[in-house]
Structures are given as structure tokens and as C-alpha cells.
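Comments concern the structure below.
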Amino acid sequence: MVNVTINNKTIQVPEDYTILQAAETLNIKIPTLCHLDLHNIKMVNKVASCRACVVEVEGRRNLAPSCSTPVFEGMKIKTDSLRAIRARRTMVELLISDHPKDCLVCLKNGECELQSISHDLGVKQIRFEGEMSTYPVDMTSKAIYRDSSKCILCRRCETMCNDVQTVHALSGLDRGFGTVVGPAFHAPLNETVCTFCGQCVAVCPTGALVEVDNVPKVWRALEEKGKTVVVQVAPAVRVAIGELFGMEPGTVVTGKLVSALKNLGFDYVFDTDFAADLTIMEEAHEMIERIKENKNLPILTSCCPAWVKFFEHQFPDLLDIPSTCKSPHEMFGAVTKHYFAQKMGIPEKDMIVVSVMPCVAKKYEAERPELEFGGVKDVDIVITTRELGRMIKEAGINFNMLDDEEYDNPLGESTGAAVIFGTTGGVIEAALRTAAEMITGNELESVDFHAVRGLAGLREAQVQVGDLTLNIAVAHGLGNARTLLESIRRGESKYHAIEIMACPGGCIGGGGQPYHHGNLEILRQRAAGIYAIDENFTIRKSHENPAIQELYAKFLGEPGGELSHKLLHTSYFE
Ligand code: HC1
Ligand code: SF4
């Protein structure tokens, strides 16, 4: 421990602390912009590029960036001197001098950290005007819109992509005033190893990285004559969208969400959870077959599109182990267009399927040609939780005052097993609930597999199923996934099944969710909301969903059967 004095108060802090951390222990708030400490997912952005956090240190001529300057014994710091305050304001003014200032029409308006720090530091005029950096906007990806003229070189995206996701799609390019962060050789994003996980979007402080805005497409679809517009909602959306309307993270708003979607004019409001139950039927069947034959193990879950793209790029030698199941929202689209449409007498060309997802990679996934069946896309338009929030606001719907409504049937019926897909560990727990009963033929005493829950980046569990001991692992965040995949590649893996999600926390932490602004406690609250929904379900196992049983009886036949393989499974590419 060392003694430091901040604004005339002396405290003891650990010697590896920065000035910023020391100040936090005294509840002194120093403004920050580029800095982001997400150490529980192994991301600390300490590049000190913005200098918005400078403070005075006694005996030093220059102001010190508090986020990256370590404390030392006897250090005397002033965080609130006029010199420090003026310098911070000037730094932000200089950043703004090379910023487009189109805040009113920026997708980040109201959520932008440059906007809020500028307000907090009392920037009231544009003092500096000069040369502006201009770069072409990268619109090549179906998921992410990249406008480097809004980049403030904070490097958060780069740290996230390199340190947490280990994808290395972004880095600093060129020098001096021309410096920009982007893919090597200025390649368009869709020609890189980017997985479209959207975690760079989740940490970008400005509008430089945002989701591709599909809201106008949905409005047009709702207006189009002769079309039946079906919407499905992913599990993780219901515990997060309330945040956009001032509610606590983790507040369960399923009923209001359904009501809002009906108010917006969707013809059918269905639940991705129905298809999560369907995925479990197919995936548990596939898992059991592979375990019986002791081949292509460990089976890897395949519902996360960013994870799928990651293993296609990085582990092409292991393409025979991921499950061949499409993700639930794609299965939902296939069932809607090839079963529900027929049942209702609606030509599939007149049906539009919209997915509301916590994820930006789902936008890219929906466009993958191999997911089509008979030339028909499963899903037509994907919007994120944030985009749905904007639509609700545009329509003037008072979300907080809505009465609860129920999903439509039959594709709105689901179980507790389905909703836990929304958090890390949930997919494998749902699969275990069904696989265990399929293997033994006996009812489980408890459906709660606590060992696979939690937010540790890598988890493992041994689960006894009859005579069989199943070795299970869970990883979230692509860096953790890489660790597991490398052990499989070396032939050292002992696992039968592994769940992998690209985003820290799983879908609750998806790149399309309400911004966490550096507070990862939000993930814990959202996960608690997910498990609370599960506990309140009477039916908590996918194979007991009556609508799923009917779908197999009347249409699909058996899990893993011929029709299932055509509609619900896919293949992977190097
Ligand atoms: Fe997910 Fe999934 S859980 S991938 O995170 O398997 O996006 O919520 O919808 O498809 O069910 C996302 C969430 C979601 C799919 C399901
Ligand atoms: Fe990296 Fe994910 Fe962003 Fe792509 S979307 S650049 S993989 S963080």
C-alpha cells in the first residue's frame, strides 16, 4: 500500500493503482472518455489517448492522465484545479474540432459519450475549426456501419477485438493526422475475419461503429399491402429492453414487449423461444447420436452466428464438430414460412419474418445463402433491441404504461428451457434437461444444472446421466472460445459437449443490447431476470412443449429426420 493525497485528503491505496482508481476510492469523479475498465472480461483500455482525465501532480510540470498514471508513495494530486479543468475542456474541444458535429442525425444521439462529456465539461462553443479527417463510410457489412470520420482514436474497439475476442480485425492504421482505426490495408469489413459480434459497437463511445439500421425496412414492410408480417423476439430482449424506458436492468417486460409489437402493427407476434425448444430437440438428438457413436466430439453449439463465423475462419480443420443445427431464429423463420404459412393459406412470398435480436451478427446470419430453403430466406429483416426501442419511441407508444399481452399461438409457446438460451450456459443446460431424459427415459429430479451457470469466462461441469458421465464446458467471449478450440485441436479435450457464445455474458451482453456504458453488473441483473422467467414456467423442458410435440406429429416427423435436416440444419464453410 502507498499513501497518496488527493484534493488534500490522504488515503492508502494498493501500489499498482492508477490515480483514477485512487480517486474512485474517495468518490472523486474524474471525467474519462477513451478509458474503459472491463477487467472482469479481460479488457482494460489504458491508451490514454484522449487526455480528458488529466490532473495536476505536485512536482510535475505536465498534467498527468489519471487513467494511466500509477500512484507512488507520497504523491500529491489535485483533480479539481482550474488548470486541470480547463485542460480537459480544451482536449475535448480539440476532439470536437475534428468531428462531424452532425449529432442531431447521428444514430448515437443521446447515447454518445463525446456528447455527454462535452456537456459535463461545459463546452459551449466551437472554438477550434480546422482541417477535418474524412474517410469513406464502410457499408459493406450487413451488420456493422463504420464511419471513421466519427472515430476519436480511443482504441476501445481495437482493445475489445484483440484482447477479449482475439479476432484482430481492427488496428491503428497510418500516421499523424491521418491515423485511423480499421481493418488492415483499409479492407472493407466484410472482406476480413471480423465475426460481426458487435462488441466493438458495444464499447465505441461515438457513432463511429453502430449497427446497420434496419428500422426503415421494418416500417416499409408493415405498410406493404398484401404482406403478412410476423415478428419473433429473442430470449435476451425481454430482460433488457426496459432499460431503454428507464427501467432497471433485468426487469422482465415480456408482456409489454408483446403489446408494443402488436401496437406497431405486426400481424403475428411470436417467440424465438419456441424455436429454441425446437433447436434443443434437434441438438439433443444430434448430441446423443454422436455420443453413442463416439464420433465428432465434443459437439459444439451453433446458435451464435459470430461464433460460427469465428470457427469457420480460425478453425477450418474442426468444421465437423459444431452441431449442424441452424440457430433458433433461423429455424423459426423456416418453420414459419414452410409450415405456418401453409397452415394459414398464406403464400410464402407474401410472408415477411422480422427478428428482434440482442445481436448485430444475426443481421449477417439472415443473409447467409446456405440458410435458404427452396430459394426462400428464413428471416427477412433483423433489428436489434436498440432498434426496436427506437421504433417504439418513433410510434409514440408509452411503453411503461402498456398492459401485458400474450404471444400469439402456436409459435409463441415455449418453456423455461428456451428462455435460458439468452444467457451464457443456458443452451447447454436446456440441452441437458432434454438429453438426460432422452438417454435414461426417466424424469429428472431437478432441472437446475447450477454448475454450468455464472459469468466466469470458462466453466466446466461433470453431469451424471444414468451410467454416463458427461463432461461439459461453457465459454463466452471469443478469446475463451479460442482457448477451448486450441485444446481440442491439440487432442487434449475431454469434453462431450461445449456451449460457446461470442459475446461476454452470452446474448444478454449482445452487441445490439442497450449500451452498458462500462457497467458489466448489468449483465448479472439481466441473467437474474432470465433465470427468474425460467423458474416461473410450469414447463421447463423443451421436449414437453405441446406446440413442439404437435409440430413433430403433424409436420416434421422425428428429430433428426429428413425434413428436419432440410429445414433446420446447415453446413459450414472454410
Ligand atoms: Fe440469442 Fe438464440 S439465444 S443466439 O443469443 O440461440 O441473438 O437472446 O435469439 O437464434 O433462442 C441472440 C438471444 C437468440 C437464436 C435463441
Ligand atoms: Fe472485432 Fe467483433 Fe468488432 Fe468484428 S464485430 S471488429 S470481430 S469486435
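Hydrogens, waters and symmetry mates are skipped; everything else that's a heavy atom, side chains included, is used. Counting starts at 1 for both ligands and their atoms, in listed order.
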| said: Looking at K217, I want to see if its NZ is surrounded by more than 12 non-hydrogen atoms of other residues, nucleotides or ligands under 6.0 Å. | reply: no
| query | Does NZ in K262 sit with more than 12 non-hydrogen atoms of other residues, nucleotides or ligands closer than 6.0 Å? | reply | yes
Residue and atom name of the nearest protein heavy atom (relative to [atom]), distance in Å to one decimal:
atom: atom 16 (C) of ligand 1; answer: P328 CG, 3.4 Å
atom: atom 9 (O) of ligand 1; answer: A234 CB, 3.0 Å
atom: atom 4 (Fe) of ligand 2; answer: C194 SG, 2.3 Å
atom: atom 5 (S) of ligand 2; answer: G198 N, 3.2 Å
atom: atom 2 (Fe) of ligand 2; answer: C197 SG, 2.3 Å
atom: atom 3 (S) of ligand 1; answer: F421 O, 3.2 Å
atom: atom 8 (O) of ligand 1; answer: A236 N, 2.8 Å

Pair [X] + [Y]: basic N to acidic O under 4.0 Å:
X: K363; Y: E211; result: no
X: E111; Y: K108; result: no
X: D378; Y: K326; result: yes

| For ligand 1, the portion of K362 having any non-hydrogen atom under 4.0 Å away | side chain
| field | Which segment of H329 sits under 4.0 Å of ligand 1 when only heavy atoms are counted | value | both
Hey, are [Y] and [X] close enough side-chain-wise for a donor-acceptor pair under 3.5 Å?
X: T424; Y: R459; result: yes
X: S355; Y: H329; result: yes
X: D277; Y: T415; result: yes

List every atom of ligand 2 that sits less than 4.0 Å from any heavy atom of [X], numbering the atoms from 1 in the order shown and giving each element.
X: I144; value: 5 (S)
X: L170; value: 6 (S)
X: F196; value: 4 (Fe), 5 (S)
X: V167; value: 7 (S)

| From the candidates A275, C303, A502, P305, the one that places a heavy atom nearest atom 6 (O) of ligand 1 | C303
| task | Could you establish whether C304 and ligand 1 come within less than 4.0 Å of each other, counting only heavy atoms on the residue side? | result | no
| query | Under 4.0 angstrom from ligand 1, any heavy atom of G506? | reply | no
| query | Any N/O/S of C161 under 2.8 Å from atom 4 (Fe) of ligand 2? | reply | no
Under a 3.5 Å distance rule, please check whether [X] uses its side chain to pair with a backbone N or O of [Y] as donor and acceptor.
X: R433; Y: S542; result: no
X: E387; Y: T384; result: yes
X: R156; Y: L33; result: yes

| query | Short check: any N/O/S atom of C507 below 2.8 Å from atom 1 (Fe) of ligand 1? | reply | yes
| query | Does a side-chain heavy-atom distance below 4.5 Å link F573 with E370? | reply | yes
| said: Once you restrict to heavy atoms under 4.0 Å, what part of V360 touches ligand 2? Side chain, backbone, both or neither. | reply: neither
| task | Using a 4.0 Å heavy-atom threshold (strictly under), name the region of T195 that reaches ligand 2: side chain, backbone, both or neither. | result | both
| said: At a threshold of 2.8 Å, where the distance has to be below it, does atom 3 (Fe) of ligand 2 have an N, O or S atom of C200 nearby? | reply: yes
| With a distance cut-off below 6.0 Å to the six-membered ring centre and an angular limit of 45° from the axis, does K142 pair with F196 as a cation-pi contact? | no
